[in-house]
Amino acid sequence: MMNDNRNGSSHRSYIGDSILRTEDPHFLRGEGRYVDNIKLPSMAYSAVLRSPHAHARIVSIDLKGALEVPGVVGILTAASLEPDNFLIQPNWLVGDINVPPHYLLAREKVNYVGDAIAFIVADTRAIAEDAKAAIHVEYEILAAITDERTAMDKSEIYANVDDNLAGTFNLNSGDYDAIKDDADHILNFTLKNNRLIPNPIEPRALVATVDSSNDKATLYIPTQVPHLHKRWIAETLNWPENKLRLISPDVGGGFGAKMHLYVEELLVCIAAKKFRRPIKWTETRSESHVSTHHGRAHTQEIEVAFNNNGLLLGMSVHIYANLGAYISNMATGIPTVNCLGFASGTYNLTAFKGRVDLLLTNTVPVDAYRGAGRPEAAFIAERVLDRVARYLKLDPYDVRELNVIREFPKKVGLSEFDSGSFSAALKTAAEKVDYKHWRDQQAKARSDGRLLGIGISNYTEVCGVGPSWLMPLVGFDRGGYESAQIRVHPDGKVTFRTGSMPQGQGHATSYAQIVATELCIPFEHVEVVYGDTDVVPIGIGTYNSRSMAVGGSAAFHCAQKIVSKTKSIAALLMKSDVANVTYANGFFCSSELEPGNEISFVEVARVASRGHTLPPGESPGLEETYIYDPTGMSSPNGCHIAVVEIDPETGVIDILSYVAVDDAGTLINPMLAEGQIHGGVAQGIGQAMLEEVVYSDDGQMLASSLLEYALPKATNTPMINSSFLSTPTSTNPIGAKGIGEAGSIGAPPALVNAACDALSVFGIDHIDMPLTPPRIWHAIQEAKNIGGSK
Amino acid sequence: MNTLPTQLNINGKDVLLLDVEARDLLALTLRDDLDITSLNIGCDTSQCGACTVDIDGKAVKSCTVLTVQAHNSKIVTAAGLSNGSILNSLQEAFQDNHALQCGYCTPGMLISATALLREIDTPSEEQIRDALKGNLCRCTGYQNIVKAVLDAASKISSKTEAKLHDE
């Protein structure tokens, strides 16, 4: 597989190669560089006292006992932060949003279980925890709200947010009400998209330190967006941004949870300056359940108008989105821009009417989590298709075939699909799973009293954000570009710097593949650097499946600049016109010279560094920067089909077969892309079958640790049959779409559709996620009591 | 506070800790006091397995062990599996099969898999999944981890076969 690449003499393209990851050996030797591993001289540890109540007035805080614990350095409360009273500002505000004040430490009131009240700094972790336990807070408990559907009818949490409604978003295309009158049938139903905890296995950890020689602060932080985080911290604290450096060494999973601005990030910085010592903070897992932001949490009221043959005419969708107690970083954009416009999925609709209500409740704030709005949307589209099919007693495959979009580009609502294989994916997945075989098996099983079900999910999404000019139009206060820098060292080796920040995606490998290919040099000669805002000058980060599409395009263009400069140097060395010089396989050739006079990339690098002979206008050195601003986003798509068997005695669901056919355009490294599908589908299995955050009526978070919150284990996931189609996008030069979130978008509908298909013999139309055995069992019992099995 | 001296052997090296508090967990002693970061902490209820180490031949979640309980034990972490920078067959199989993404669960996963392969030469997929159900991974969906263990098992057993034939 790997050619002998001495002297760049056997260069090849690395695009599409499943090259093994260069980052693996250090992880495998147990040398991962996670932030909690960092120890600095005289480092202090910290802990956060959090509210045990969902909604309460703070009557008093007594720190006396805590401050007397030996080894305590100091304790911050809201009083310590007067008169600045720093506020966390959300970064994405879609439309007019009433933003409740979010202080770093609770002033006067706590608004959810987990709300931060005090920040304790001590010599050791244990002492910080001991001191925390010695703090006495008196509360006056207030009524708590947890449910988004009824929040508007409850008393207000904040004076400036009437009815707990932070904002509303409407989207209409065509005339749904007119369409509705013409339809043969109307179906109404409610869906719940269950609240989830992202739970990367690495809990959040921070180390802040200030260099007293120049008053510059360094924050070690596992973030998906180092440059954005730097800006937000500086803005919030009013610190000069040139005196702040953020370093992300290795990040142990992100999934969206590590791209929001959290109070602890500001508190460690403040404490580091105040106490003149490095400060570490690490959350425990139980703590993370109430301190790291959740995902999903919608109630969705759906109405679909359709004809006798299964043709969809229009859809009306009303989403109640639970934002939690404060508006998190991207929170208002996820249920609106990222979701509502895609609720029609891969299907043609004549009319769409949609509304999102953004509700505040006394719960952990909700924000982006793998898929960020698109799983919520795909779930709507795919349940609609199955409900329509079942209503008309048609095969769900046929109804999809009838409605799927076949011509591109296509605009439906907000969604602009540049290209796609919506129909081909459906067909291919059905072939791979052997759909007909399973329908036969299902018929046999039914006659034996066994419950077999097949579920299809033919999803799409739009990702790879995005054109910077578009961002302010939707209230997104950040750019959509990505940066690339290439430094060619005097010996021809390359350092590539990117604004991307991986949390397991394998960028050290995939970016090297792109750069080595475009520079026609060996893969091993490229070093990839990220995660240090002093080293990478500018960037946006890794989320929304954008790194290859946006960052990879930046790398591509940056490499072209290097090739252009090296060509002009080579032309000078070969005394030729640059128009007659070509570059391939690591060598520059001139058509004006005999063969045998080629000059290598390595030689040109050497010449550039000496500066002795350079073309007029060229400066010494070989370093280029390219900031790529996308001209569009792209629409990956796929079809997942799940086959399940349900044990009617226990409600246990067994996944018999899982086929995923995904189309992300050009795949830089297919092995890495497949890994993303496996992981995404596993998280989809988590959502569909295992995970749920449950709140008691008084706002207690009952999923308080991994004892109560069921993350998928090795015994919960099947072997996934994963394959790819490739419809490259023309919206970027490498044709890459995005693949990181696809699995979590495609899987839940496939699984729920399969389970409902299996249970349709009982007349069961729908069961909410997660499809735990008790839920299935109860649904069966209830159906038997009502109507008996058919 | 009660403290006790505790003797440990970690990855072949003897360590004497003079003042171990009775309440100290082995996972935290290894990481915070001894700077051994070839195990990670991912939870506080012993679910996740990121802290799994080998203690006297058994894969153990080190968050379930008081440091003083490990007195005179031989502890091996993922760092002790490789020979300097050279990966062993299992570690190589993990790389060959893309069995890690963010790497956080990997040290614990490797120790649990090692313990399995000590017990069962050629485990089935089901046996592997069962042996690893105490190690949570959020990135890989486990598929490639299972493939890696199957791969390592076949390579190790064919090496053993070859050795036996040579003898």
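Note on naming: letters A, B, ... go to the chains in the order of the sequence lines (proteins, then strands), and numbering restarts at 1 for each one.
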Under a 4.5 Å cut-off applied to non-hydrogen side-chain atoms, are B/Leu81 and A/Leu28 in contact?
no

Turns out that what part of B/Glu125 lies under 4.5 Å from chain A's heavy atoms comes down to side chain

Turns out that what part of A/Gln676 lies under 4.5 Å from chain B's heavy atoms comes down to both

Can you name the nearest heavy-atom pair linking A/Lys713 to B/Tyr142, along with the distance?
C-CE1, 3.2 Å

Please look at A/Val681 and chain B and tell me whether the side chain, the backbone, both or neither of the residue comes under 4.5 angstrom of a heavy atom of that chain.
neither

Given that the side chain runs from C-beta out, which part of A/Pro502 has a heavy atom under 4.5 Å from chain B: side chain, backbone, both or neither?
neither

Who in residues 107-120 of chain B is close to chain A, using a strict under-4.5 Å heavy-atom cut-off?
B/Pro107, B/Leu110

Would you mind checking which part of B/Asp24 comes under 4.5 Å of any heavy atom in chain A, side chain (CB onward), backbone (N, CA, C, O), both or neither?
neither

May I ask you to name which of A/Gly30, A/Pro203, A/Gly675, A/Gly504 has the most heavy-atom pairs under 4.5 Å with chain B?
A/Gly504

Interatomic distance, A/His26 atom NE2 to B/Thr106 atom OG1 [nearest 0.5 angstrom]
10.0 Å

For residues 8-19 of chain B, which side-chain N or O atoms pair as donor and acceptor with protein atoms under 3.5 Å away, sequence neighbours left out?
residue, atom, partner, partner atom, Å
B/Asn9, OD1, B/Gly12, N, 3.3
B/Asn9, ND2, B/Asp14, OD1, 3.0
B/Asn11, OD1, B/Thr77, N, 2.8
B/Asn11, ND2, B/Thr77, OG1, 2.9
B/Asp19, OD1, B/Thr3, OG1, 3.2

Per-residue tally against chain B (heavy atom, under 4.5 Å) across A/Gln503, A/Lys39, A/Arg370, A/Glu31 peaks at A/Lys39

Would you mind checking which part of A/Arg125 comes under 4.5 Å of any heavy atom in chain B, side chain (CB onward), backbone (N, CA, C, O), both or neither?
side chain

Need one label for A/Ile685: side chain, backbone, both or neither, based on atoms under 4.5 Å from any heavy atom in chain B.
neither

Kindly give the heavy-atom pair with the smallest separation between A/Leu711 and B/Arg138, and that separation in Å.
CD2-CZ, 3.4 Å

Might you point out which heavy atoms bring B/Cys48 and A/Leu706 nearest each other, and give the distance in Å?
CB-CD1, 4.4 Å

Return the minimal non-hydrogen interatomic distance between B/Lys147 and A/Met719, and the atom names on each side.
CG-CE, 4.3 Å

Specify the closest pair of heavy atoms between A/Ala714 and B/Arg129, including all atoms of both residues, with the distance to one decimal.
O-NH1, 2.8 Å

Is the closest side-chain donor-acceptor distance between B/Arg31 and A/Asn37 under 3.5 Å?
yes

First locate atom CD of B/Gln143, then atom CG of A/Asn721, and finally report the distance between them rounded to the nearest 0.5 Å.
9.0 Å

Please round to the nearest 0.5 Å and tell me the distance separating atom CG of B/Asp32 and atom CG of A/Asp36.
6.5 Å

Between CD of A/Glu202 and SG of B/Cys105, what distance do you get to the nearest 0.5 Å?
12.5 Å

How would you list, in number order, the residues of residues 37-44 of chain B that have a heavy atom less than 4.5 Å from chain A?
B/Thr37, B/Ser38, B/Asn40, B/Ile41, B/Gly42, B/Cys43, B/Asp44

Name, in order of residue number, those residues of residues 82-104 of chain B that have a heavy atom at a distance of less than 4.5 Å from a heavy atom in chain A; otherwise write 'none'.
B/Ser82, B/Gly84, B/Ser85, B/Leu87, B/Gln91, B/Phe94, B/Gln95, B/Asp96, B/His98, B/Leu100, B/Gln101, B/Cys102, B/Gly103, B/Tyr104

Between A/Asp130 and B/Arg23, does any side-chain N to carboxylate O distance fall below 4.0 Å?
yes

Shortest non-hydrogen contact from B/Thr140 toward A/His678
O-CB, 3.2 Å

